[in-house]
Number of protein chains: 2
Amino acid sequence: MDEVATSLKPPDGVVRGGFRSQVPAIRLRGNGGKPGVVALVGAGPGDPELLTLKALRLIERADAIVHDRLVAPEILALAPPRVLRIDVGKARNRHTLPQGEINAMLVRLARAANRVVRLKGGDPYIFGRGGEEAEALAAHGIPFEVVPGISAANGIAACAGIPLTHRDHAQSCMFVAGHLKDGRMELDWPALARAHQTLVVYMGLLGLPQLCRELVAHGLPGSTAAAVVERGTTPRQRVLVGTVETLPARVRAATLEPPTLIIVGEVVNLRDALACRSAGAEAACIAD
Amino acid sequence: MDEVATSLKPPDGVVRGGFRSQVPAIRLRGNGGKPGVVALVGAGPGDPELLTLKALRLIERADAIVHDRLVAPEILALAPPRVLRIDVGKARNRHTLPQGEINAMLVRLARAANRVVRLKGGDPYIFGRGGEEAEALAAHGIPFEVVPGISAANGIAACAGIPLTHRDHAQSCMFVAGHLKDGRMELDWPALARAHQTLVVYMGLLGLPQLCRELVAHGLPGSTAAAVVERGTTPRQRVLVGTVETLPARVRAATLEPPTLIIVGEVVNLRDALACRSAGAEAACIAD
């Protein structure tokens, strides 16, 4: 395969303004006129060791990696030095690049490169907007595959000592996104305020007071256990435990910051018994 | 560390009848009188490449591995030949070993071995009864850690081309276990039959007709898309798509067998556009 210069000009009708300034002219291996392929890959919840073997293989063979802000530097370092890395990082309430431009960038890179890895925090198909990226690739005839990752919910639950289901306490678990629209959470409250269910809220920190209020208003006992986990699965993980009544004040006092995950349900009470004794990195109970 | 003979007799008060016949006298490295450690490790949904790097590290260094029936042979083969492997496999409606005996075995092995890996299909804390095993270890003072795995829901959704959430179609997803109790599913039907939600049912094949009936009876339109995935993420994956009205008859005609996963919701309609074109192994669109 020859090295060819590729200017990455946006194709007509695909890319909106601002795109060209984000992607400098770069050199990528061409593919003899055939389109390349894109892998939408879940990078897991934070701990680099929670990457899958398949993700590792794709990263090691990538020509270009398009990644979110929260993907760990240790994971990006797994790619060979020659690999083009593009940060399209998402900060809270702000996408460094609008989703439409990320989609267009993936299409463009696939046409210029052999192997593009779109590396996303958590799992691409759980609150990752991976579905929209997949639709864009399919619409442009770009071959792609989706590689699941450990989602924040199960990664953080395991490391925080909170089983998401348990025969005695929770026969189901529900994942919702808690980001605000016009300052409010708009959720299906009657479905969320159920007994014998574990509720996991992604991106819900700002709305936590409203979340707890609505759950109680829709019938969940105020004494129901609840936790917020900050920077779950990383060495800086912090876990705050309370009830739906007490948690908002505790979180305010502790000045938690995103990324966080909220877990509501009786299973949170198991944490005292099940949390690893070592509070440190990777929630590791097994020292090597 | 010396090699010492360990008879693995059950400790008083922990192990019930039948245990000794399952575990032959074996040789394990002792640990100078200190108890060993147990890692409850998720092996993922089927495809061996969906193992995490952390799980691989623990498997490679294990002294004993206690695994479920569905853990792929390729994953067990990652352990060095010297490693003791114990299959406590779970068949449908039948545990080869009752859960209490598995718990006791883990305690016993940890006292005899350095590093015990309890290798479970999917994720230990999502319908894996990992919480019960963790409680047993904690109650006996055995140090342990929990390593999350790709759960069937996100692993299979990715490989079957079905995003579990999508801004336009599903703002939440719910996981329930659909196994029968006295021939019936007992679930919180009003919480399950919701619009704009993806419902994922583990172990629900036998109850599928009742599931679909109850969902419609509780208000879900009969035209709602639904899929059953058999042996998801493996080379023998089969996906059957229909609606909650049509799916039971289609599944009966196709004689699907466990393990299966049921996905209900509008997102199933995205599959036509998003499923990988290659129907084969690993749902791999990227050929190497």
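Computed from heavy atoms alone, side chains included, the values below leave out hydrogens, waters and symmetry copies. Below, chains carry the letters A, B, ... as their sequence lines are ordered, and counting in each starts from 1.
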Side-chain (A/N114) to main-chain (A/G36) donor-acceptor, under 3.5 angstrom: no

Donor + acceptor pair across side chains of B/Y125, B/S151 (<3.5 Å): no

B/E135 and A/H166 side chains, donor-acceptor separation under 3.5 Å: yes

Heavy-atom closest contact (A/G131 atom, B/P163 atom, distance): CA-CG, 3.8 Å

Partners meeting salt bridge (charged side-chain N to carboxylate O under 4.0 Å, His left out) with B/E132 (sequence neighbours left out): A/R167, B/R129

Atom group of [X] that falls short of 4.5 Å from chain B, counting heavy atoms:
X      : value
A/P48  : backbone
A/L56  : side chain
A/N154 : both

Chain A contact via B/L270 - which portion, at a heavy-atom distance below 4.5 Å: side chain

Portion of B/I162 that has a non-hydrogen atom of chain A nearer than 4.5 angstrom: backbone

Greatest number of heavy atom pairs closer than 4.5 Å to chain A - which of B/P124, B/G149, B/A170, B/A177: B/G149

Option in B/A191, B/G42, B/A139 with maximal non-hydrogen atom pairs under 4.5 Å from chain A: B/A191

Validation row: A/I150, B/I150 side chains within 4.5 angstrom (heavy atoms): yes

When A/G155, A/A55, A/C173 are compared by non-hydrogen pairs under 4.5 Å with chain B, the top option: A/C173

